[in-house]
Amino acid sequence: MKRLILIGGTMGVGKTAVCRELQKLLPDNVFLDGDWCWDAVPFQVTAETKSMVMENIAFLLNQFLRCSAYENVLFCWVLHERAIWDDLLGRLNLSDVKVICLSLTCAPQELERRLNRDIAQGIRTPDVINRSLERLRCYERLELPLIDTTCLAPRKAAEHLIRIIDNE
């Protein structure tokens, strides 16, 4: 049975890095980062752009789920509200697909340290810190498995997730 592994978490928590490590550990996989579907200049959050991004993500995920080459489909995105999870899952053809939903978290001090490192490297802008710290609390309310990456390198976090995924 195909597996769709959805990983949520606030900006800077390590979703992309962990998914890159998961790609090395899972057989026959494909990875989509939701941010890739919204990599626009200028970055604009409007009803129109939100709708377009959700349609694009759902289209790509459905294509990956339909393709026989992939046993594991990895997807990560901020996913800080239950409505976003529900909207996305409602757009997917999940027949013969096992869905595994997880969220990553970390201590606020560690999150700020990671984001400041990204800012220094020009990967992010300073306004991300407050937005990310505010969203950090949202994940506790989602009632999904919450994996703390504070003291985990991406490879160790991925190894931890593999144990969870394989036990689902």
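The structure presented is a predicted model; accordingly, all values stated were derived computationally and were not measured.
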Are the side chain of R82 and the backbone N or O of L142 linked by a donor-acceptor pair below 3.5 Å? yes

Could you check if a side-chain atom of V78 sits within less than 4.5 angstrom of a side-chain atom of Y139, using non-hydrogen atoms only? yes

Tell me the closest heavy-atom pair linking L60 and C37, and the distance in Å. CD1-SG, 3.9 Å

Consider only side-chain heavy atoms of I, L, V, M, F, W and Y, link residues closer than 4.5 Å, and tell whether L152 and L25 are in one cluster. no

With rounding to the nearest 0.5 Å, note down the distance linking CG in L133 to CE in M11. 9.0 Å

For the pair Y70 and V30, evaluate side-chain contact (heavy atoms from CB on, under 4.5 Å) and give the outcome as yes or no after the intermediate values. CA-CA 7 Å; Y70 306 117; V30 62; 3.8 Å; yes

Within the distance-only criterion (no hydrogens, no angle test), does the side chain of S51 pair as donor or acceptor with the backbone N or O of E48 below 3.5 angstrom? no

Do you know which two heavy atoms are closest between L89 and C101, and how far apart they sit? CD1-SG, 4.4 Å

Return yes if some donor-acceptor pair links the side-chain N/O of K2 with the main-chain N/O of C67 below 3.5 Å, else return no. yes

Those residues that, when tested against N116, pass side-chain hydrogen bond (donor to acceptor under 3.5 Å, both in side chains) (two or more places apart): none

Classify the ring geometry of W36 against F31: parallel below 30°, tilted from 30° to 60°, perpendicular beyond 60°. perpendicular

Short side-chain to backbone donor-acceptor contact, N72 and P27, under 3.5 Å: yes

Is any side-chain heavy atom of I57 less than 4.5 Å from a side-chain heavy atom of W38? no

Please identify each residue that fulfils side-chain hydrogen bond (donor to acceptor under 3.5 Å, both in side chains) with E159, with sequence neighbours left out. R155

Filter on salt bridge (Lys or Arg N to Asp or Glu O under 4.0 Å), then keep only pairs touching residues 101-130, sequence neighbours left out; what's left? E110-R113, E110-R114, D118-R124, D127-R131

Find the distance between CG (N29) and CD1 (I5) and round it off to the nearest 0.5 Å. 8.0 Å

Check step by step if side-chain contact (heavy atoms from CB on, under 4.5 Å) holds for I119 and T125. CA-CA 6 Å; I119 291 165; T125 56; over 6 Å; no

V53 side chain near W77 side chain, heavy-atom distance below 4.5 Å: yes

Closest approach of K15 and G8, non-hydrogen atoms and distance? CD-C, 3.6 Å

Any sub-3.5 Å donor-acceptor pair from T10's side-chain atoms to S132's backbone N or O? yes

Any chance you could measure D166, atom CG, to L161, atom CG, to the nearest 0.5 Å? 10.5 Å

Only counting residues at least two apart or in another chain, list the ones meeting side-chain hydrogen bond (donor to acceptor under 3.5 Å, both in side chains) with T105. none

Is the shortest heavy-atom distance from the side chain of I147 to the side chain of I164 under 4.5 Å? yes

Going from CZ on R135 to CG on N130, what distance comes out if it is rounded to the nearest 0.5 angstrom? 12.0 Å

Using side-chain heavy atoms (C-beta onward) and a distance below 4.5 Å, is L4 in contact with L65? yes

When every non-hydrogen atom of R20 is compared with those of Q23, the smallest separation belongs to NH1-OE1, 2.7 Å

May I ask you to check whether over 12 heavy atoms, not counting those of E143, lie within 6.0 Å of atom CD? no

Donor-acceptor under 3.5 Å (T46 side chain, T49 main chain): yes

In the single-linkage hydrophobic clustering (I, L, V, M, F, W, Y; side-chain heavy atoms under 4.5 Å), do V128 and I123 co-cluster? no

Shortest non-hydrogen contact from C106 to T150? CA-OG1, 3.2 Å

Salt bridge (charged side-chain N to carboxylate O under 4.0 Å, His left out) partners for D39, two or more places apart: none

For residues F75 and I7, determine if any side-chain heavy atom of one lies less than 4.5 Å from a side-chain heavy atom of the other. no

Please name the pair of heavy atoms, one in V18 and one in A157, separated by the smallest distance, quoted to 0.1 Å. CG2-CB, 3.7 Å

E140 side chain reached by L146 side chain, heavy atoms, under 4.5 Å: yes

Begin with the C-alpha distance, continue with both residues' side-chain angles, and end with the deciding distance and a verdict on side-chain contact (heavy atoms from CB on, under 4.5 Å) for M1 and E71. CA-CA 7 Å; M1 177 178 281; E71 177 184 332; over 6 Å; no

Checking D87 side chain against A83 main chain: does a donor-acceptor pair fall under 3.5 Å? no

Applied to residues 94-103, the side chain to side chain donor-acceptor pair (under 3.5 Å) test, sequence neighbours excluded, yields N93-S95

Using a 4.5 Å cut-off on heavy atoms from C-beta on, say whether the side chain of V73 contacts that of R3. no

